[in-house]
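The residues of the chain are indexed from 1 along the displayed sequence.
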Amino acid sequence: MRAFLSYATADKPLVEAFRNRIARQHPDVELVDHAVKDTYEEDWKRGCATKIDGSELLICLVGATTHRSQAVTWEINRGLSLGKRIVAVELSADGVRVPKVLARHAIEPRESITGIVLSSAAAPAFEREANGRFE
C-alpha cells in the first residue's frame, strides 16, 4: 500500500520517528511525501499532486503547528477532491489544534492506523525517538 504523508515541516523529527515505526512494523507500506522547500508554488503543487494521485491513503500527521500550514490544507483538499481515504494521527501527547480543513470534514486525529495502535502512550515514544532516545 502507498500512503501520502501530509505534515508541517516543523514536525519533521516527529514525522521521521513515525515513518521509522511504520517501516519496522509494516515494511509493505510505502510512505511518500512532497515537503515544501521554500514556498508551495505551482511546481510544488504539480509534484505533490502526482504523489497524492498515486496513493491509496492520505495520512495527516497533526503536530503543534499543522493547523497553520497552507500546504497541509492544500494536500488535504487535493485528497478530498479525489475521494482519497484520509486519516489523521496526532504526533504529540501534548494536545494539538486540528486543522480547519480536517474539522470541516469531521476527520479527527486517530489513535490507530493500518493496524498500529498509536495510544496516548505512543505519542511520547515518537518524541523520544525524534530526540534520539529509542525504547
Q.
When you compare the side chain of R19 with that of D33, does any pair of heavy atoms fall below 4.5 Å?
A.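 Heavy-atom side-chain distance check passes, below 4.5 Å.
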**Q.** Sequence-distant partners of K12, side chain to side chain donor-acceptor pair (under 3.5 Å), two or more places apart
**A.** Y7, E16
Looking at [X] and [Y], what are the two nearest heavy atoms and their distance?
X    : Y    : value
P99  : T66  : CG-CG2, 3.8 Å
G79  : L58  : CA-CD1, 4.3 Å
I86  : L102 : CG2-CD2, 4.4 Å
A3   : S55  : C-OG, 4.1 Å
A103 : V98  : N-CG1, 4.1 Å

Q) Of K45, E75, K51, which is the lone residue that meets side-chain hydrogen bond (donor to acceptor under 3.5 Å, both in side chains) with H34? A) K51
Q) Partners of E30 by salt bridge (charged side-chain N to carboxylate O under 4.0 Å, His left out), sequence neighbours excluded? A)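 Salt bridge (charged side-chain N to carboxylate O under 4.0 Å, His left out) check on E30 returns R2.
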Q. For R46 and T50, what are the C-alpha separation, side-chain angles and deciding distance, and is it a side chain to side chain contact (heavy atoms under 4.5 Å, CB included)?
A. CA-CA 6 Å; R46 275 191 293 278; T50 299; 5.6 Å; no
Q: Starting from the C-alpha separation in whole Å, work towards a yes-or-no answer on side chain to side chain contact (heavy atoms under 4.5 Å, CB included) for D11 and L61.
A: CA-CA 9 Å; D11 294 320; L61 299 174; over 6 Å; no
Q) Just by distance, do the side chain of K84 and the backbone of D53 share a donor-acceptor pair under 3.5 Å? A) yes
(Q) Is it the case that the side chain of R78 and the backbone of I52 share a donor-acceptor pair, with hydrogens and angles ignored and the cut-off at 3.5 Å? (A) no
